[in-house]
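Below you'll find the structure, written out as structure tokens, and then a few comments.
Every value quoted in this text rests on a predicted model; they were computed, and no experiment measured them. The first residue in the sequence is number 1, and the count goes up from there.
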Amino acid sequence: MPTTPATAANSSSNGTVPSIMLELVDEDGTTIGTAEKLAAHQAPGQLHRAFSVFLFDEEGRLLLQRRALGKYHSPGVWSNTCCGHPYPGEAPFAAAARRVHEELGVSPSLLAEAGTVRYNHPDPESGLVEQEYNHLFVGMVQAPLRPDPSEVEETAFVTARELAERHEAAPFSAWFMTVLGAARPAIKELTGETGGW
């Protein structure tokens with residue numbers, strides 16, 4: 001992926017792992033500062049910028065990922081294709097494309113904005129809080145996946161009906177239904193009325 005001023009500022013050239021900083025925002029999504037990632041998620045949570053991506057294959061099936069078991073937040077649960085946080089100063093669109101590539105080894109096609117949603121979702125397992133102003137994106141995946149095992153435990157392409165069945169049977173991320181609901185108009189536009197979304 002290309003290096004931007006935001007990604008360069010958040011990478012390390014000396015082999016150490018830098019602190020990951022997030023962009024804090026107000027209720028209108030205006031940047032008001034920064035905070036370290038873990039600190040921003042500790043109760044009661046600080047409102048910060050995030051993104052969620054929903055990618056579909058040519059058959060209109062949604063790509064889900066099960067988060068890696070080693071993640072400190074919501075490990076081992078199913079969620080949307082990709083989600084994360086822009087670096088301070090990084091455009092949400094660029095961050096979404098970057099993280100899809102980092103986590104799944106593909107570049108999304110026809111990636112388009114699908115609105116924003118603001119939520120507050122505590123995670124009872126970890127005690128962390130998702131207090132987020134979330135930018136939504138929908139698009140297509142048209143290349144073989146190459147998931148990073150440190151990020152992704154497994155993937156699955158599902159129809160709307162299969163998602164409903166899976167959601168009843170397996171744990172999903174606390175934010176999943178909120179972001180899916182907010183993205184539905186754009187998902188329907190992408191997949192068509194017959195897709196069931």
Between Arg166 and Trp78, is NZ or CZ placed under 6.0 angstrom from the six-membered ring centre and within 45° of the ring axis?
yes
Please answer whether the main-chain N or O of Ala97 pairs with a side-chain N or O of His101 as donor and acceptor at a distance below 3.5 Å.
no
Under 6.0 Å between ring centres, would you say that holds for His135 and Phe51?
no
Can you tell me how far apart CZ (Phe176) and CG (Leu163) are? Round to the nearest 0.5 Å.
4.5 Å
Using the ring of each side chain (for Trp, its six-membered ring), is Trp175 parallel, tilted or perpendicular to His73, with breaks at 30° and 60°?
perpendicular
Salt bridge (Lys or Arg N to Asp or Glu O under 4.0 Å) pairs, two or more places apart, involving residues 169-186:
none
Taking only residues two or more places apart in sequence, or in another chain, which ones meet Gln142 in a side-chain hydrogen bond (donor to acceptor under 3.5 Å, both in side chains)?
Glu58, Ser109
Report yes or no: does Ser126 contribute a side-chain atom to a donor-acceptor pair with the main-chain N or O of Leu128 at less than 3.5 Å?
yes
Leu64/Phe172 under side chain to side chain contact (heavy atoms under 4.5 Å, CB included): CA gap, chis, key distance, verdict
CA-CA 10 Å; Leu64 298 177; Phe172 272 70; 4.1 Å; yes
So does Thr81 get a backbone contact from the side chain of Gln65, meaning a donor-acceptor N/O pair under 3.5 Å?
yes
Answer yes or no for Arg49 and Tyr87: cation-pi contact, defined as NZ/CZ to six-membered ring centre under 6.0 Å and angle to ring axis within 45°.
no
Between Phe137 and Phe93, ring centroids under 6.0 Å
yes
Please check: side-chain N/O of Asp26 versus main-chain N/O of Asp28, any donor-acceptor pairing under 3.5 Å?
yes
Within the side chain of His167, is there an N or O that forms a donor-acceptor pair under 3.5 Å with the backbone of Glu165?
no
Using a 4.5 Å cut-off on heavy atoms from C-beta on, say whether the side chain of Lys71 contacts that of Glu151.
yes
Side chains of Val117 and Tyr133: closer than 4.5 Å at any heavy-atom pair?
no
Show your reasoning for whether side chain to side chain contact (heavy atoms under 4.5 Å, CB included) applies to Thr34 and Met21.
CA-CA 6 Å; Thr34 60; Met21 302 300 290; 3.7 Å; yes
Just wondering, do Glu27 and Leu47 contact through their side chains at under 4.5 Å, heavy atoms?
yes
Which is it for Glu193 and Lys188 under the salt bridge (Lys or Arg N to Asp or Glu O under 4.0 Å) test, yes or no, and what are the steps along the way?
CA-CA 6 Å; Glu193 290 300 323; Lys188 288 180 179 177; 5.6 Å; no
Are Val179 and Phe56 connected in a single hydrophobic cluster, I mean Ile/Leu/Val/Met/Phe/Trp/Tyr linked by side-chain heavy atoms less than 4.5 Å apart?
yes
Lys/Arg N to Asp/Glu carboxylate O, Arg98 vs Glu102, below 4.0 Å:
yes
Check whether Leu62 and Leu136 end up in the same hydrophobic cluster, where Ile, Leu, Val, Met, Phe, Trp and Tyr are linked by side-chain heavy atoms less than 4.5 Å apart.
yes
Could you tell me whether a side-chain N or O of Glu59 sits under 3.5 Å from a main-chain N or O of Arg61, the two making a donor and an acceptor?
no
Got a sec, which residues hit salt bridge (charged side-chain N to carboxylate O under 4.0 Å, His left out) with Glu154, two or more places apart in sequence or on another chain?
Arg66
Side-chain heavy-atom pair His41, Glu36 within 4.5 angstrom cut-off
no
Linking I/L/V/M/F/W/Y whenever any side-chain heavy atoms sit under 4.5 Å apart, do Ile187 and Met177 land together?
yes
Under a 4.5 Å cut-off applied to non-hydrogen side-chain atoms, are Glu153 and Arg67 in contact?
no
Tell me whether Val158 is reachable from Val100 by hopping between hydrophobic residues (I, L, V, M, F, W, Y) whose side-chain heavy atoms are closer than 4.5 Å.
no
Any side-chain heavy atom of Leu111 within less than 4.5 Å of one from Leu55?
yes
For the side chain of Glu132 and the backbone of Asn120, is there at least one donor-acceptor N/O pair under 3.5 Å apart?
no
Is a side-chain donor or acceptor of Asn80 paired with a backbone partner of Phe54 at a separation under 3.5 angstrom?
no
Could you check if a side-chain atom of Pro147 sits within less than 4.5 angstrom of a side-chain atom of Thr155, using non-hydrogen atoms only?
yes
